[in-house]
Amino acid sequence: MNIIQADNLKKSYGPVAAVNDVSLAVREGEIFGFLGPNGAGKTTITRMLTGVIPPDAGTAMVLGHDIRTAAVQAKQGFGVVPESANAYTDLTAWQNLMLMGELYGLARARAARRASELLTTLGLLERKDQKVQAYSKGMKQRLILAMGLLHEPRLLFLDEPTSGLDVQSTQMILAMLRDMNRDGTTIFLTTHNMEEANRLCHRVAIIRSGSLIAVDAPEKLKMAIESVHRIEVSFDREVAGDALAALPGVTGVERIGDKWQLTAEKQDAVIQFLVAFSQQNQAAIVTLNTLAPSLDDAFLRLTQEASP
Amino acid sequence: MNPAGLPEQVRRAWAIAKKDIRLYYAKKSVLIFGVLMPVFLFLAFFTGSRQLPLAFLIPGLVGVTLLFTATALSPAIFSWEGRHGTLERLASCPITIEAIVLGDMIASILFGIGITTITIFIGLALGLSLLHWITMIASILLASCCFSAIGMLLAVPPTNEPSTPMMLSLLIKFPLVFISGVFVPLEQLPSWGLALSACSPLTYFTDLVRYSFTGEHFFPVVVDIAILGVFTLVFTAGTMYLHKRTMPKRI
């Protein structure tokens, strides 16, 4: 069963088409990653799916409710952790959670029980009566997650939930998302972080310039671009990037720290050319590694192919 | 529980009102400003026009107090919340835009009534007596709804810069004070002035308060209440309709 079914969504801001005829389906119980470069339309689509802004055209059924005509019923069943949203900083964490409880129509006792559970899990219980303005970014983000989870939603929308967070907060949030998904919560995760999407998501969608260009499991997307190989090489002295780029079969060169990362279609041939290059330029090879395609590669390849 | 049903939405609007009171209205600076602003305005007129009796000026003070307090913060709340990212949080909750607006209105109504009650006690302390207290209560309830709806109407332009609606608010409130028979009796206004004052809901509220204190009035009491009621309905419906249109532009 599809918990989200969006068909032909469109949204324009003035002459700019932010979302162009996007259709997607999210199955119940999966973690669905939503990837795309900055300005691709990810947040706009998430806002349309969560009923925050109306689409110009198209329909979206969320939890079986039309988000345009039955927004309240749909919103009652899902939780949202928006990218740019915040908790009320002049209220305490507890007051923020009790406000959410009232806005979701929870009985006071149930809201208090859930708030205590969530604050304990997220390591905020001891500071529940402190105003949020004194919280660190990581603590605020954990509180915002708790606010989205208070009513035990079947579906959770998260927009960049770990952006800019320290390792501890990131790991805590990701672990919680995995546990929730194991317990049956469907997660719609918008992220820039390929590694996060690779480790968490059952399927990912890639959007570019307002259009959906791929929807599949991360491993399948990597397989789809397996013709691309990356070779990481470093020399005992400086070499010119242009010279490496001119080697036959090399399609891209990037400097990463003291290493060069080459993209090639036939890695065997390029390795031989690199060895010859090393001898000709009297630059000994210090390290030479071949790298498997990552979700980053798939993302970059797909978004570049789709660019106008 | 039907989350979209009226009783549930009203309950959620009350949650918004409590949040507004806690965050915006129950601050010392706001409370002091709410009391001092109309009192200073009153003193300016009292000292500048000694020929007008207190029985005329106190109802004006009550009118100005309710107008200024019921519209004190509501024009800027959406802008503040938009700027701090909390409006998107509210917009993603299962509460209609109408209920959010109603919650903001309830908070400003309660703030307006609370501060205005103080000015009524000031009037009583200065020797006036309350002849028609039921009319007074009814008119304060009605006018506070009307003025808070005006405050929310001023919040309609979708800006996240709070100074913009506050400036607009001042530009509208001060002219209203001067055309509404607050400090100049309606009887002394020229015909064009009277026509202007008929367009201001403050005129009818001040007339009702004057009637409640002194028994004197310019318009029939029923007319005052009816017109104030119509203003309230039109402004409330208008603000809810317009906010529904502009809310997505704030996010």
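Numbered from 1 within each chain, the chains take letters A, B, ... in sequence-line order.
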If you draw a 6.0 Å radius around CZ in A:R178, do more than 12 non-hydrogen atoms from other residues or ligands fall strictly inside?
yes
Quick one: pull up NZ in B:K18 and CG in A:L99 and give me the separation to the nearest 0.5 Å.
9.0 Å
Where on B:L90 is there a heavy atom nearer than 4.5 Å to chain A: the side chain, the backbone, both, or neither?
side chain
What distance separates B:I100 CD1 from A:L103 CG, expressed to the nearest 0.5 Å?
8.0 Å
Between the side chain of B:R89 and the main-chain N/O of A:N86, is any donor-acceptor distance below 3.5 Å?
no
How long is the gap from OG on B:S92 to CZ on A:F157, to the nearest 0.5 Å?
10.5 Å
If you define the side chain from C-beta out and look only at heavy atoms, does anything of B:H84 sit under 4.5 Å from A:T89?
no
Checking the side chain of A:K75 only, and the main-chain atoms of B:A91 only, is there a donor and an acceptor separated by less than 3.5 Å?
yes
Does OH in B:Y241 sit with more than 12 non-hydrogen atoms of other residues, nucleotides or ligands closer than 6.0 Å?
no
Side chain, backbone, both or neither: which part of A:M98 has a non-hydrogen atom closer than 4.5 Å to chain B?
neither
Hey, are the side chains of A:V72 and B:N2 touching, using non-hydrogen atoms and a 4.5 Å cut-off?
no
Just verifying a value: how many Å separate A:E102 CD and B:R12 CZ, rounded to the nearest 0.5 Å?
10.5 Å
Nearest heavy-atom contact between A:Q76 and B:P3 is OE1-CB, 3.4 Å
Considering residues, nucleotides and ligands other than B:K27, do more than 12 of their heavy atoms fall under 6.0 Å from its NZ?
yes
With a 4.5 angstrom heavy-atom cut-off, is it the side chain or the backbone of B:R11 that approaches chain A, or both, or neither?
neither
Rounded at 0.5 Å granularity, tell me how far OG1 in A:T50 sits from CD in B:E88.
7.0 Å
For residues A:Q73 and B:A4, report the shortest heavy-atom separation together with the two atoms involved.
NE2-CB, 3.7 Å
Should A:Y88 and B:R22 count as side-chain neighbours, where that means a heavy-atom distance under 4.5 Å?
no
Under a 4.5 Å heavy-atom cut-off, does chain A meet the side chain of B:K249, its backbone, both or neither?
neither
State the OG1-CG distance between B:T86 and A:D90, to the nearest 0.5 angstrom.
10.5 Å
